[in-house]
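Heavy atoms only: backbone and side chains are in, while hydrogens, waters and symmetry mates are out. Proteins come first, then strands; the chains are lettered A, B, ... in the order of their sequence lines, and each starts at number 1.
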2 protein chains.
Amino acid sequence: MPRRPASATGSPGIPEATIARLPVYLRALYALADRSIATVSSDELAAAAGVNSAKLRKDLSHLGSYGTRGVGYDVEYLVYQVSRELGLTQDWPVVIVGAGNLGRALANYGGFASRGFRIAALLDCDPAVVGTEIAQHTVRSAAEIEDAVSSHGVSIGVIATPAASAQHVCDRLVAAGVTSILNFAPVVLNVPSGVDVRKVDLSIELQILAFHAQRRTVVASSSEQSWQARRARRKTIGEFADSGGADGLDADTGVEAQAVGT
Amino acid sequence: MPRRPASATGSPGIPEATIARLPVYLRALYALADRSIATVSSDELAAAAGVNSAKLRKDLSHLGSYGTRGVGYDVEYLVYQVSRELGLTQDWPVVIVGAGNLGRALANYGGFASRGFRIAALLDCDPAVVGTEIAQHTVRSAAEIEDAVSSHGVSIGVIATPAASAQHVCDRLVAAGVTSILNFAPVVLNVPSGVDVRKVDLSIELQILAFHAQRRTVVASSSEQSWQARRARRKTIGEFADSGGADGLDADTGVEAQAVGT
DNA sequence: ACGACTTTGTGCAAACGTTCACAAGGGCGT
DNA sequence: ACGCCCTTGTGAACGTTTGCACAAAGTCGT
């Protein structure tokens, strides 16, 4: 991840953590606008977005002073400002590579179009799928990646292929001029610097949940108390170095080696 | 998202950021094992996982001292240790609510089964879908959520429904005993404390990419005088040029077309 | 017009995360 | 057995993010 010099560019350098939350605020704001709510306080908006109100105010303060003290924020005005900051006042043509279940889900996802993302092309390499129609888009052959990218001036590519082809597809997208990639394939992509990659991994999220779920059962079996005691304890309680680290286990070789696919 | 009390449980308190990377390391380790590589250095593993090697070593050091100085890490042993830490040495039954494109993609996703996640039930409320077979699972009616959860001792639920039904489904899952939820619907879920929610939002990731892409072009054009001239406009929000003919134009349409039990 | 009340915007300190740099420790050749 | 070389594990410095608490700045009622 190439660090961006932030203030060296003339832009005030909005923290990455803030950027990641702006879309959440934006969605909450749209929901408010739908209900014809004209103004909103930081407390209300924070609650709708599921964050702390101080955090929300600090986040918004990075964009400028768009609130009115004693009143709150004008919903429509803030929608515009956040959209502009995120670059959503322009249309972003996007190519999606891979028209399996995931690619189809993406193509049908209303949240894209409503934020200015327009599907410029939907590609797949399976001849059985090429030519079929998905969400008003005719699936084109993956051989046309370069053409689709350059003819529409696409700068964002979505990879929804199996893991095995992801890097190859990525290379071609980058060569064709794509500089932002959203990767759903469970692999780490190698890209030249200057290309931005974000990863969405369905199974990683489950594994993180499993970790916490496991911990919960361990805790529950040792001390029966609901976990409300939020602020109770402080730092680590000594060194439990390794709770169950019996060395004797000869790493059971049942390592299921299975190619992960989408 | 609520802060996780990490060290409040009496366990060694592995940082959240580390937990989020363990699944990535695990995948890289599996790939190495597939190639019959017995040991790996922190440099190599870090490269495969796409992180800095110092970070990898520090992450692994939270689990214990499982490396050998001068040599590296034994791949199989480390696979076992990481799996155990993540709670993947046991099976996790999972219910998936919503059998649209996304639910189907999830059901067919090989990465779940290979990490110990077993689909206990796949539910939907659309009568046209109930009864059909998806990835060797017969889709059951959404009315049976409670039964599916309690009869299999499920503690992890996946919500792949449209936004409108997500909170309702969530409530029912929680009431039935689910304590970990993976949410794909673009809404902020309200859950009682003690329930762990993780969110995967397809459009948020794109918006973050758009921000960086925009910044890149702004920097390239080099003559943007920031946003001092902010007060002028008051654009309306209604019309976000949406040329594509996608169905849902409402700010927050669901992930898919079908509705799930309300 | 003015004071009471409300809410924003922000300085500050603590918590958290990352990176550097190097000592500790183990294998391997001789 | 010894010393060299390699890699781990970690203390310490640095940067980022969070949350508190409050002054600044506006509105509203009288």
- [ ] Would you mind reading off the distance between A/D43 atom CG and D/dC20 atom P, rounded to a whole angstrom?
- [x] 12 Å
- [ ] Round to a whole Å and report the spacing from CG of B/D74 to C1' of C/dG26.
- [x] 15 Å
Task: Euclidean distance, atom CG of residue A/L56 to atom C1' of D/dT17 [Å, nearest integer] - done: 15 Å
Open item on the list: With a 4.5 Å cut-off on side-chain heavy atoms, are B/I181 and B/V174 touching?
Closed with: yes
Open item on the list: The side chain of B/P15 is closest to which nucleotide in this list: C/dC12, C/dG17, C/dT8?
Closed with: C/dG17
Task: Side chain of A/R21 - closest among C/dT8, D/dT7, D/dT18 - done: D/dT18
Open item on the list: Between P on D/dT16 and CD1 on A/I14, what's the gap in Å once rounded to a whole number?
Closed with: 15 Å
TODO: Specify the separation, in whole Å, of atom OH of B/Y66 and atom P of D/dG9.
DONE: 11 Å
Open item on the list: Expressed as a whole number of angstroms, how long is the span from B/K55:NZ to D/dT7:P?
Closed with: 21 Å
TODO: Determine whether any donor atom in the side chain of A/R69 lies under 3.5 Å from an acceptor atom in the base of C/dT8, or the reverse, and answer yes or no.
DONE: yes
Task: Integer-rounded Å distance: C/dT8 P and A/E44 CD - done: 9 Å
Open item on the list: I'd like to know if the side chain of A/S83 and the backbone of A/V79 have a donor-acceptor N/O pair within less than 3.5 Å.
Closed with: yes
Task: Any A/Y73 side-chain N or O less than 4.0 Å from OP1/OP2 of C/dG9 - done: yes
TODO: Check the pair A/Y73, A/Y66 against ring-ring contact (aromatic ring centres under 6.0 Å, His included), reporting the backbone distance first and the verdict last.
DONE: CA-CA 7 Å; A/Y73 301 90; A/Y66 298 139; 8.8 Å; no
Task: Interatomic distance where NZ belongs to A/K58 and P belongs to C/dC12 [whole Å] - done: 11 Å
Open item on the list: Check the phosphate of D/dT7 against B/S42, side-chain N and O only, distance under 4.0 Å to OP1 or OP2. Yes or no?
Closed with: no
Task: B/F117 side chain near B/I156 side chain, heavy-atom distance below 4.5 Å - done: yes
TODO: Give me the one residue out of A/N190, A/V188, A/I159, A/V187 that meets side chain to side chain contact (heavy atoms under 4.5 Å, CB included) with A/Q167.
DONE: A/N190
Open item on the list: With nearest nucleotide decided by heavy atoms, which residue, A/G70 or A/A17, maps closer to the 5′ end of DNA chain D?
Closed with: A/A17
TODO: Map A/T18 and A/R57 onto DNA chain D by nearest heavy atom, then report which one ends up closer to the 5' terminus.
DONE: A/T18
